[in-house]
Every structure is written in structure tokens, then in C-alpha cells.
Amino acid sequence: MPTREEQKEQRRQLILDKALELFVKKGYADTKIGDIAKAAHMSTGLMFHYFDSKEQLYEVLVQMGAEGTTLPQKLTYDDPLAFFEGFLNILFSYAKENPWVFHMFVLMAQARRSEGIPAQIREIAMRVDQVEQSAKIIEAGQKQGYFRGGDPYALSFTFWSSVQGIMEQLAVSPVLLEQGILPETAWLIDIIRNKDR
């Protein structure tokens with residue numbers, strides 16, 4: 001039997017999970033706190049014991065997304081190409097076990113570009129710039145022959161746009177994951193890989 005604290009944490013996580021699904025499906029503006037409470041099978045009053053407002057709940061989710069993007073910075077590999085391969089392998093493997101990861105990619109994109117997102121939350125989302133960070137790795141890797149020629153930022157942008165698109169598609173079409181339809185890591189790496197290597 002779970003302790004009171006464990007039950008409280010489980011309920012908090014349920015609220016976060018249901019809120020994430022609804023924010024992705026309906027958007028921030030069209031998701032009401034009552035919708036989230038209903039999806040979590042609790043009263044709105046009880047929800048306010050966990051989160052003061054819809055805005056606070058959304059901010060917690062965006063902060064979680066921002067913290068999740070620090071993973072690539074913690075990875076170390078022998079070469080820059082292995083860095084991207086390793087990251088994709090970890091991302092897809094983890095996402096298969098935790099489908100909310102797909103929703104988190106969508107939420108972070110929405111937080112950056114949707115209307116009506118509170119300014120301080122948009123600022124958190126905008127701090128995440130995988131394209132810029134990856135462009136530096138690509139630029140260094142180009143000098144060593146790991147990556148194709150071309151503008152490093154444009155290559156990074158193309159790579160991350162592909163990853164984002166895949167994650168968004170899997171968020172809206174979970175049947176693809178159920179059918180085992182996931183791209184091979186090599187397909188995405190080929191966007192940036194030097195074909196002569």
C-alpha cells in the first residue's frame with residue numbers, strides 16, 4: 001500500500017500527464033483547468049492543492065521540457081558523429097517506453113510559437129536552442145571530416161527539424177509506434193554525415 005506521500009506524488013504526476021496531453025491536443029489557451037481535473041478524475045478544488053493555476057502547471061511542464069534538453073550536453077563520445085547517433089538512440093529508446101516524450105516535443109514547440117503563452121514561460125522555452133548548440137558540434141566535426149560541407153547552422157536546423165517532425169507525428173499518431181514504425185537512426189544521421197567517411 002503506497003504511503004500518503006507516494007499517493008500525493010502519483011496524483012501530481014497524473015495531473016502533469018493529463019495536462020500535457022490536453023495542452024498538446026487543445027493548446028494552452030483552449031485548455032481549461034476543469035478539463036485537466038476531469039481527465040485526472042478529480043475535482044478542480046483538489047487540483048488546486050497541487051498547482052495554483054493553469055499557468056503554473058504549464059510552466060512546470062515547460063521547465064521539465066527545458067531540463068530534458070540538457071541531455072545532449074551531458075553525453076560524451078569519441079567523435080561528433082557518434083554523439084548524434086548516441087543521442088538519437090537514447091531518445092528513441094526512451095520515447096518508446098515513455099510516450100509522453102513525444103508530447104513534450106510538441107509542447108515545447110507550442111510554447112515557443114503559439115499565441116497567448118505567458119511571457120515568462122515563453123522565455124523558458126526560448127532558452128532551449130539545440131540547433132545553435134549542435135551547429136557548433138557540426139562545425140568542429142566538419143573540420144575533421146565527419147560531417148558534410150555546408151553551413152553548420154543550416155545542417156543543424158535541418159537535422160533538428162526532422163527530429164521535431166518525427167516526434168510530432170508520433171505524438172498525434174501513436175499507432176505508428178504501436179506498429180513499430182520508427183525511422184532508423186542512420187536515416188537522420190545521413191542528413192549531416194559526410195558520405196565519404
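Criterion: ILVMFWY side-chain heavy atoms under 4.5 Å apart, direct or through other members. Under it, L46 and I15 are part of a common hydrophobic cluster. Grouping the Ile, Leu, Val, Met, Phe, Trp and Tyr side chains by contacts below 4.5 angstrom, directly or via other members, places M108 apart from V172. Note on I33 and L61: same hydrophobic cluster, where clusters join Ile, Leu, Val, Met, Phe, Trp and Tyr whose side-chain heavy atoms are under 4.5 Å apart, directly or indirectly. The cluster map of Ile, Leu, Val, Met, Phe, Trp and Tyr, joined by side-chain heavy atoms under 4.5 Å apart, puts L88 and I90 in the same cluster. With hydrophobic clusters built from ILVMFWY side chains whose heavy atoms lie under 4.5 angstrom apart, F84 shares a cluster with L182.
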Begin with the C-alpha distance, continue with both residues' side-chain angles, and end with the deciding distance and a verdict on side chain to side chain donor-acceptor pair (under 3.5 Å) for Q63 and E59.
CA-CA 6 Å; Q63 190 65 49; E59 185 171 349; over 6 Å; no

Does the side chain to side chain contact (heavy atoms under 4.5 Å, CB included) test come out yes or no for I36 and T44, once each step is laid out?
CA-CA 8 Å; I36 300 167; T44 304; over 6 Å; no

Could you go through F87 and F92, starting from their C-alpha distance and side-chain angles, then the distance that decides it, and tell me whether this counts as ring-ring contact (aromatic ring centres under 6.0 Å, His included)?
CA-CA 9 Å; F87 171 74; F92 289 149; 8.7 Å; no

Tell me, with the steps shown, if F159 and L155 meet side chain to side chain contact (heavy atoms under 4.5 Å, CB included).
CA-CA 6 Å; F159 174 82; L155 285 167; over 6 Å; no

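Looking at residues two or more places apart in sequence or on another chain, you find no ring-ring contact (aromatic ring centres under 6.0 Å, His included) involving Y146. In this view, K8 and E5, Y50 satisfy the side chain to side chain contact (heavy atoms under 4.5 Å, CB included) rule, not counting sequence neighbours.
The stretch residues 25-43 participates, sequence neighbours left out, in these side chain to side chain donor-acceptor pair (under 3.5 Å) pairs: K26-D35. Pairs passing the side chain to side chain donor-acceptor pair (under 3.5 Å) check and including a residue from residues 12-23, sequence neighbours excluded, read Q13-D17. Each side chain to side chain donor-acceptor pair (under 3.5 Å) pair with one or both residues in residues 170-186, not counting sequence neighbours, appears once here: N89-T185, Q169-S173. Listed by first then second residue, pairs satisfying side chain to side chain donor-acceptor pair (under 3.5 Å) with a partner in residues 100-129 read E55-Q120, not counting sequence neighbours.
Taking CG of D52 as the start and CE of M47 as the end, the distance is 10.5 Å to the nearest 0.5 Å.
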